[in-house]
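A note on names: the letters A, B, ... follow the listed sequences, proteins ahead of strands, and every chain is numbered from 1.
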Amino acid sequence: MGYTPVKFYQTGTHTIGNRLLPADARTVQSDDDRANALSCGHRACQGCGEALGARYAVDAAMRAVGGDLVAANATGCLEVFSTPYPETSWQIPWIHSLFGNAPAIATGLAAAMKAKGKATRVIAQGGDGGTTDIGFGCLSGMFERNDDVLYICYDNEAYMNTGVQRSSATPPAARTATTPALGAAPGNVFGQGKDVPRIALAHEIPYVATATVANLRDLEAKVTHAMSLHGARYIHVLVPCPLGWGTASHDTIKIARLAVETGLFPVFEGGNGDVTGVLKIRAKRPVEEYLKPQKRFAHLFKDATGAATIARLQAIADRNIARYGLIDPAAEV
Amino acid sequence: MLKQIEGSRAVAETVALCRPEVVCAYPISPQTHIVEAVGELVKSGALAPCEYINVESEFAAMSVAIGASAAGARAYTATASQGLLFMVEAIYNASGLGLPIVMTVANRAIGAPINIWNDHSDALSQRDSGWIQLFAETNQEAADLHIQAFRLAEALCLPVMVCMDGFILTHAYERVDLPTQQQVDAFLPRYEPRQVLDPLDPVTIGAMVGPEAFTEVRYLAHYRQEQALEMIPEIATNFTAAFGRDSGGLVRPYRLEDAETVVLALGSVLGTIKDVIDEMRDAGVKIGVLGIVSYRPFPAEAIRAAMSHAKRWVVVEKALAVGMGGVVSTDVRMALDPALHQVGTAAIAGLGGRAITKDSLRRLFDTVVDGTAEPLHFLDLNLPVVKHELERMGSLRRSGPIAENLLKHLGAVAARIA
Ligand SMILES: Cc1ncc(C[n+]2csc(CCOP(=O)(O)OP(=O)(O)O)c2C)c(N)n1
Ligand code: SF4
Ligand SMILES: [Mg+2]
């Protein structure tokens, strides 16, 4: 029988972690010995981007440090769906304290390990609300002190656990329970919100990266790299939420990829204040392609009045593309 | 070793002898000297291994302590007043998780109006937080209580607040007998956590708990506080055996034998009260004092027993339950035998640092003894000033901010720290 080459990037990305690749090129998830840190039985919605992102990120961190890892978790979907009493989906030492203090809990964990002369590493994780809003003071403090913590933010662009309310990571025009699609300017307000990855960079911490669940290989690689470093590190992962965004469960990856390919969510990494690497896109896709499948943007397509708002969103994407130099016709994505 | 030393310094040096492994510091008067001194001991290497973390808020201070404690480290922090309130969510969390953190509270009033001086509003606001709360009468006791606090906290897996009056104790230079490292090491065993985040034996801490078990979790928190009622006197007895002096315990009776009137209080004001009681005893009045060291758990039985022969009582309270009256007196009333019909007064005193003088106390106690005291009394309340402001408010819609109006009315006197 003849040899048939397998085209691994049939999805057009590096999404698949294929066991047919050489060992050193395989994903953590394709490894039989993966940690399964967030194991089955949790209560996340079907197609939850956060569950997917957390599983890949934490398993990658586990492999990077040989399993010698503890985690702190902010209140939010990830915490609630993973620990319905008396069960837990976590196979690693894991603590949930409060909504707004996960970075400080992690600081305490890291301090204890240091004082006790242990090599155990520490990660903290939270949603966008827990990270960019209520936990922001603690996050900035942890960054500023350069505490030995990797903080991972799973950004689904709203307070999902409490029923999809607006956070400072909610994009303009998006409908949430507190930014309804009503009135003259339906959805979330333009000109607000925080770019926490860039704020993290401004803290001059050793490592900052963004990633999405559309490119899990990239996410794994970034977590792995982050764990090879010490000091404060930050990874901001875009994780679509079918429930909050009004998307089909099977479209989570596709939506995340469109966020990247439109330029609305720039994927980059850097450290010590500078951006050092950018995930390029072959060709820019119009933002409509990303917005249209999402019910939270449905009001933009109801009638002609949405066009002006879509143009403003396109301008944001274009600004990202220019700022990060996102376009490269030779890019794989 | 006997030292003439500032209260804060004595506490810091004692805390260091307890070998905390993680200390988090965020400054607020009158706690600052404590965390500064601990920081010095860590920086100089005298206290090692210890991670000293300059956090960005009290909320972070308590959160870092929670993380450290959950990783098996002995954790310590200190705060006061607004700082205590700023960390409230984490305070409840620490006790809910059962983490034996020890915290000094340098008691101070709560604003608005902002006020840096001493009263007990801060600590008493946290009476239901699940923390054990011990109140020191002197700097010696403040220092000693920290050693006992770590032992108690770790034995029960409950956090402990050691409360000491801001400025009155924290900034007072007094003679304090500081123990040796060997003495403290012998008294305070290594911290063996009941739960710890350990990759070799992974556990989940802080899971979601619903109605099916929440009551039981809370009951166990209460149960452990009840255990503390037995353990606090035991530890105090052991402490006396090891260090040769009395410190701690649940309550501290003073000239209580045959006392028909009992004065109850927490903290440093007990010193002044005892002086007044001595004078009244000399004058033949059957009056005594019951100092409350342990406010949480509340030693109801010990108080009932100590006051079985009392006819009247008064709590000198450095806090006010606005809209209700006394804080501690409410608990005292609950503790007493209703069949005895003992008549009680809540005397609100020393708010925001107002000096509690012997003369004022004497006048108050005289009214308690002769049965003319009101159930709720505000010691040294300046009634004319209050009346004046009430009239202003009655006649003017835009009467302005109350605190500033009072200060204006008082004029130059306001600048004086009375
Ligand atoms: C101090 C406090 N305020 C509010 C809440 C309610 N609350 C719990 S989870 C949550 C939303 C979490 O949103 P996010 O951090 O974005 O995570 P997600 O659920 O979206 O993954 C909120 C508002 C809380 N638990 N604590
Ligand atoms: S609401 Fe969204 S984030 Fe939460 S579990 Fe469902 S899909 Fe995941
Ligand atoms: Mg969210």
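For B:Ala65, no part lies near chain A; criterion is any non-hydrogen pair under 4.5 Å. Within the 4.5 angstrom heavy-atom criterion, no atom of A:Ala72 approaches chain B. At a 4.5 Å heavy-atom cutoff, B:Ala94 makes no contact with chain A through either its backbone or its side chain. Contact of B:Val55 with chain A is made through backbone and side chain together, with heavy-atom distances under 4.5 Å.
Annotation for B:Ile114: atom CD1 does not count as buried by contact number, only 12 or fewer foreign heavy atoms lying within 6.0 Å.
Residue pairs meeting the ring pair (Phe, Tyr, Trp, His ring centres under 6.0 Å) criterion with at least one member in residues 196-215 of chain B: none, sequence neighbours excluded.
A:Leu109 and B:Ala71 make their closest contact through CD2-CB, 3.8 Å (heavy atoms, listed as atom of the first residue, atom of the second, distance). Closest approach of A:Ile95 and B:Ile66 over heavy atoms only: CD1-CG2, 4.5 Å.
The candidate with the highest count of non-hydrogen atom pairs below 4.5 Å against chain B, out of A:Pro84, A:Gly137, A:Ala106, is A:Gly137. When B:Ala73, B:Pro199, B:Ala70 are compared by the number of non-hydrogen pairs under 4.5 Å with chain A, B:Pro199 comes out ahead.
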List, with distances to 0.1 Å, the donor-acceptor pairs found between chain B and chain A - the cut-off being under 3.5 Å and no angle criterion applied.
residue: B:Glu21; atom: OE2; partner: A:Lys116; partner atom: NZ; Å: 3.0
residue: B:Glu56; atom: OE1; partner: A:Arg145; partner atom: NH1; Å: 2.7
residue: B:Ser63; atom: OG; partner: A:Asn101; partner atom: ND2; Å: 2.9
residue: B:Gly72; atom: O; partner: A:Lys116; partner atom: NZ; Å: 3.2
residue: B:Asn93; atom: OD1; partner: A:Ser97; partner atom: OG; Å: 2.5
residue: B:Asn93; atom: ND2; partner: A:Ser97; partner atom: O; Å: 3.0
residue: B:Val203; atom: O; partner: A:Trp94; partner atom: N; Å: 3.0
residue: B:Thr204; atom: OG1; partner: A:Thr88; partner atom: OG1; Å: 2.7
residue: B:Ile205; atom: N; partner: A:Trp94; partner atom: O; Å: 2.8
residue: B:Ile205; atom: O; partner: A:His96; partner atom: N; Å: 2.8
residue: B:Gly206; atom: O; partner: A:His96; partner atom: ND1; Å: 2.9
residue: B:Met208; atom: N; partner: A:Thr83; partner atom: O; Å: 3.3
residue: B:Met208; atom: O; partner: A:Tyr85; partner atom: N; Å: 3.2

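How far CG of B:Leu197 is from CD1 of A:Ile105: 10.0 Å, rounded to the nearest 0.5 Å.
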